[in-house]
Protein chains: 2
Amino acid sequence: MKIGDIARAAGVTTSRIRFYEKRGIIAPAVRGPNGYRDYPEELIAILRFIEQAQGLGFSLKEIAGVDVAQGDHPISCDEAIRLLSGKLDSVAALIAEAKERQRRIKALIAELQGRKQSAA
Amino acid sequence: MKIGDIARAAGVTTSRIRFYEKRGIIAPAVRGPNGYRDYPEELIAILRFIEQAQGLGFSLKEIAGVDVAQGDHPISCDEAIRLLSGKLDSVAALIAEAKERQRRIKALIAELQGRKQSAA
DNA sequence: CTTGACCTTGAACCTAGGTTTAAACCCTAT
DNA sequence: ATAGGGTTTAAACCTAGGTTCAAGGTCAAG
């Protein structure tokens with residue numbers, strides 16, 4: 001499949017696919033006699049996987065570390081659980097931070113409203 | 001006060017102060033006869049205010065919009081409440097998103113652990 | 001044989017919030 | 001007068017995740 005076919009099928013741009021290739025996130029494409037990239041159908045699933053992983057909060061760097069498209073072992077179940085657990089922790093930390101911000105903002109609003117009352 | 005004095009007092013770098021000035025987040029400094037920036041002591045509080053606002057999730061663009069250092073009216077109480085309430089909403093949205101991620105990650109982990117059990 | 005759609009490359013551009021660097025100037029102490 | 005610290009400027013660099021551009025090659029249809 002040519003890059004445009006893959007792009008349409010996976011719902012991503014062609015530039016994004018080239019970008020991933022350049023960054024080593026997906027394996028370099030086999031080239032046809034005209035120099036065009038020729039990708040296996042499996043890349044569609046890989047690209048969807050990447051979007052999914054991004055949606056879960058994984059950076060491209062982290063995704064690249066999984067070697068998803070390097071033809072290596074497709075990552076062990078234990079490894080996947082380990083990665084997900086790590087991300088779970090960082091998401092929890094993010095939530096805690098956001099809640100703290102929320103708390104402080106609420107306190108500020110309350111203070112300002114109190115000031116408004118006493119001024120009135 | 002010279003830029004270095006302000007920087008030390010406020011706990012920021014001099015480059016950051018110049019950056020803020022260039023971006024219009026703080027007012028351009030008065031210059032001494034040697035061309036050195038000469039800042040009023042009040043800038044220290046303004047810089048601290050900026051850090052605080054950033055900590056609450058406000059971008060520099062949003063902070064600049066407040067015209068904190070333009071010598072204008074120092075922002076009305078109602079206006080402050082409005083801005084804070086808006087930020088409160090976006091923080092709530094952020095938390096909701098993060099929780100959704102958390103939920104999905106947990107579901108994935110559970111699925112993988114189930115797979116491990118059935119494989120064992 | 002030309003038009004249009006596709007592909008190639010490298011490089012520049014974008015947001016956000018700064019940092020770093022280079023080359024120059026100023027001030028104070030010794 | 002010279003060393004050291006401070007200051008000035010513009011411009012380049014950084015992370016992240018891409019997009020956009022320019023200039024050119026390829027392919028199938030009409």
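What you see is a predicted model, and the numbers here were worked out from it, not measured in a lab.
- Rounded to whole Å, atom C1' of D:dT20 lies 16 Å from atom CZ of A:Arg16.
- Residues of residues 87-101 of chain A that place a heavy atom closer than 4.0 Å to DNA chain C do not occur.
- Minimum interatomic distance between A:Ala27 and A:Glu21 (heavy atoms only, all atoms of both residues): O-CG, 4.0 Å.
- Taking atom CD1 of residue B:Ile50 and atom C1' of nucleotide C:dG18, one finds them 13 Å apart after rounding to whole Å.
- Although no hydrogens or angles enter the test, the distance criterion places no donor-acceptor pair under 3.5 Å between the side chain of A:Asp38 and the main chain of A:Arg31.
- Nearer the 5' end of DNA chain C, as judged by each residue's closest nucleotide, is the contact made by A:Lys22, out of B:Phe19 and A:Lys22.
- A distance of 5.5 Å separates CG in A:Asp78 from CD1 in A:Ile81, rounded to the nearest 0.5 Å.
- Evaluation of the side chain to side chain contact (heavy atoms under 4.5 Å, CB included) rule for B:Glu42 yields B:Pro40 as partners, not counting sequence neighbours.
- For the OP1/OP2 pair of C:dG17 and a distance below 4.0 Å, the side-chain nitrogens and oxygens of B:Tyr20 include no atom meeting the criterion.
- Applying a 4.0 Å cut-off to non-hydrogen atoms, the residues of residues 2-15 of chain A that approach DNA chain C are A:Lys2, A:Ile3, A:Gly4, listed by residue number.
- Looking at residues two or more places apart in sequence or on another chain, you find no side-chain hydrogen bond (donor to acceptor under 3.5 Å, both in side chains) involving B:Ser85.
- B:Arg8 pairs by the side chain to side chain contact (heavy atoms under 4.5 Å, CB included) definition with B:Asp5, not counting sequence neighbours.
- Taking every heavy atom of both residues into account, A:Ile63 and A:Ile25 meet most closely at CG2-CG2, 4.5 Å.
- By the salt bridge (charged side-chain N to carboxylate O under 4.0 Å, His left out) test, B:Arg18 pairs with no residue at all, sequence neighbours left out.
- Atom P of nucleotide C:dA16 and atom CD of B:Gln54 are separated by 13 Å, given to the nearest angstrom.
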Could you go through residues 48-57 of chain A and list every donor-acceptor pair under 3.5 Å that involves a side-chain atom there, pairing it with any protein atom two or more places apart or in another chain?
unit_1, atom_1, unit_2, atom_2, d
A:Arg48, NH2, A:Ala9, O, 2.7
A:Glu51, OE2, A:Arg16, NH2, 2.5

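- One interatomic measurement links the two molecules: CD of A:Glu21 to P of C:dC7, which rounds to 13 Å at whole-angstrom precision.
- Atom CE in A:Met1 sits roughly 16 Å away from atom C1' in C:dC7 (whole-Å rounding).
- By the salt bridge (charged side-chain N to carboxylate O under 4.0 Å, His left out) test, B:Arg23 is found to be paired with no residue, residues two or more places apart in sequence or in another chain being considered.
- Residues from residues 33-41 of chain B that place a heavy atom under 4.0 Å from any atom of DNA chain D, listed by number: B:Gly35, B:Tyr36, B:Arg37.
- The salt bridge (charged side-chain N to carboxylate O under 4.0 Å, His left out) search around B:Arg103 returns B:Glu100, not counting sequence neighbours.
- One interatomic measurement links the two molecules: CZ of B:Arg23 to P of C:dG18, which rounds to 10 Å at whole-angstrom precision.
- A:Ala64 approaches A:Gly24 most closely through the heavy-atom pair CB-O, 4.5 Å.
- Put simply, the side chain of B:Glu62 gets close to the backbone of B:Ser59: a donor and an acceptor are under 3.5 Å apart.
- Residues meeting the salt bridge (charged side-chain N to carboxylate O under 4.0 Å, His left out) test with B:Glu79, sequence neighbours left out: B:Arg82.
- Taking atom CD1 of residue A:Ile25 and atom C1' of nucleotide D:dG17, one finds them 9 Å apart after rounding to whole Å.
- Relative to the axis of its first five pairs, the axis of the last five pairs of the helix from C:dC1-D:dG30 to C:dT30-D:dA1 sits at 40°, rounded to 10 degrees.
- For C:dT8, the OP1/OP2 oxygens have a side-chain nitrogen or oxygen of A:Arg18 closer than 4.0 Å.
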